[in-house]
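First the structure, in the form of C-alpha cells, and then the observations on it.
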Protein chains: 2
Amino acid sequence: MSDITDIEIHKKRFTDFLVSKRMRKTPERFEILNCALNCNGHFDADLLYNLLEANGYHVSKATVYSTLELLSEAGVVRKLLFDTHQARYEIADESHSHLICTVCGEITEIAPPGFEVKSCADMLNGFHPSYISTCIYGICRKCQMKKKDRK
Amino acid sequence: MSDITDIEIHKKRFTDFLVSKRMRKTPERFEILNCALNCNGHFDADLLYNLLEANGYHVSKATVYSTLELLSEAGVVRKLLFDTHQARYEIADESHSHLICTVCGEITEIAPPGFEVKSCADMLNGFHPSYISTCIYGICRKCQMKKKDRK
DNA sequence: TTTACTGCAAATATTTTGCAATATC
DNA sequence: GATATTGCAAAATATTTGCAGTAAA
C-alpha cells in the first residue's frame, strides 16, 4: 500500500510530467490519480469511474481513459493486459510478478523473480528497457484441488 | 520456423486434445491450425481469416476465434496480449521474451532470459506454472535515435 | 441417428472520437 | 483571451452469442 510520502511522490511525478509537456493541471486529472492511489492492487477504468461517482465526484469516462493514458506515459501507473476485454492498471510502485490462473482467471502478485536484465543486455541491441512484466500462467491451488475432487 | 516434424507434433497434440475432450476433428479446425503454422512469428484472428480467404478456404470469423481458443487450451498456441484492441497469438514452440517499444509499438523477440521458476518455487504456494511470459517495455533503438535527432 | 460444429448476423463491451462548452494558463 | 480539456453521445472495433442448418462420429 502507498503511504503519504509515496502519494506525494506520485503526484509530483505527474505534475512534473504535465509541466514538461505543457499540459494543464486540471482537478479532474488529480482526482483520478487520487482515486487510483487509494486502490490497493489492480483497478480498471470502469472501477475508477464508479468509485469517483460514489464519492460524489463526476468525471466523464472519456476523461478517465485519457487520464489513465497520461498517467501511464508519465510512468505513474502501468497498463496491464491480462485479458482481451479490458485494460487493467496498477500504481508503478515496486515491481512484482503476476500469477495468472488459466482456469479461474485469478491474478496474484508475488515478489519479483531473480530476473536480471543485465544478463541479456547484449541481446537488447540498443533497446532501452524501462519496465519488465513477468506473467506466470498456470493453474492455481484452488483449481488444482477442484480438479482432483472431480476424479 | 517450424519444420515438418514440428508441424506433425503440433497436429498430434491438437488431435489428442480433441479426442480427450470428445470433440470433433473438423476440417475447419485443422485448416486454421495449418494456417497458423505457416505464419512466422505472431498472428491474430483477423490475419488468419484473411489468409484463409486468400487461399480460397472459407471459414467464419466465429470459427476462427473459437478454434484459436481451443488451440490455446490445447497448448499449441499462446495467447499474447500486447495491446487492448486485439489478441495476438504465437505457436507455442520455444520460449522467448518480447521487447515492446512503448513509442512505436514494435515487438521483437529475444532468446529467453535466465529466468528460473525454481528460484521462487516457495512463493508459488501451490500454483502450477505452465508458461512464463516476459515482456520488456522500453524504447527501441530506432525511436531512441529519432529522439536524439529532435534535440 | 445424434448432437457438436459452422456460418451468419445481431449483440456486447471497451475504448476512441467529434464537437460545443468550459476552465486553465 | 487563447486554447487545452471536459462532457456527452455517437462511432469504431474486437469478440461473443443465438440459432438454424450441416456434417462428424
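Atom pair D83(A):CG and dT16(D):C1' shows a separation of 13 Å (rounding to whole Å applied). In this structure, Y49(A) places its OH atom 16 Å from P of dA13(C), rounding to the nearest Å. Atom C1' of nucleotide dT15(C) and atom OH of Y65(A) are separated by 5 Å, given to the nearest angstrom. Rounded to an integer number of Å, the gap from OH of Y57(B) to P of dT6(C) is 9 Å. The interatomic distance linking L81(B) (CG) with dT15(C) (P) rounds to 12 Å, in whole Å. Look at OH on Y89(A): it is 13 Å from P on dT14(C), rounded to the nearest Å. Rounded to whole Å, atom P of dT16(D) lies 14 Å from atom CG of D46(B). F30(B) has its CZ atom 11 Å from the P atom of dT6(C), to the nearest Å.
A donor N or O paired with an acceptor N or O is not found under 3.5 Å between the base of dA25(D) and the side-chain atoms of R24(B).
Ring geometry for Y89(B) versus F43(B): interplanar angle under 30°, hence parallel rather than tilted (30 to 60°). Ring orientation note: the planes of H98(A) and H96(A) are nearly perpendicular, at an angle over 60° on the 30°/60° scale.
Regarding contacts with the backbone of dA13(C), every side-chain N or O of H85(B) stays at 4.0 angstrom or more from both OP1 and OP2.
Residue R29(B) is in sugar-phosphate contact alone, with no base atom involved, counting any heavy-atom pair closer than 4.0 Å across all strands shown. Nucleic acid contact class of K25(A) (heavy atoms, under 4.0 Å, all strands): sugar-phosphate only.
Closest approach to the T26(A) side chain among dT6(C), dT24(C), dT15(D) is made by dT24(C) (side chain taken as heavy atoms from C-beta onward). Candidate nucleotides dC8(D), dT24(C), dG7(C) were compared by shortest atom distance to the side chain of V59(B), and dG7(C) ranks first.
We find that K79(B) and E90(B) are not joined by a salt bridge, their nearest charged nitrogen and carboxylate oxygen being 4.0 Å or further apart. A salt bridge does not link R88(B) with D83(B): every distance from a Lys NZ or Arg NE/NH1/NH2 to an Asp or Glu carboxylate oxygen is 4.0 Å or more.
Heavy-atom nearest nucleotides on DNA chain C were determined for T63(B) and for Q86(A), and the one closer to the 5' end corresponds to T63(B). Nearest-nucleotide assignment on DNA chain D puts the 5′-proximal partner with M23(A), out of A45(B) and M23(A).
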Side chain to side chain donor-acceptor pair (under 3.5 Å) assessment of S66(B) paired with T63(B): CA-CA 5 Å; S66(B) 80; T63(B) 303; 5.4 Å; no
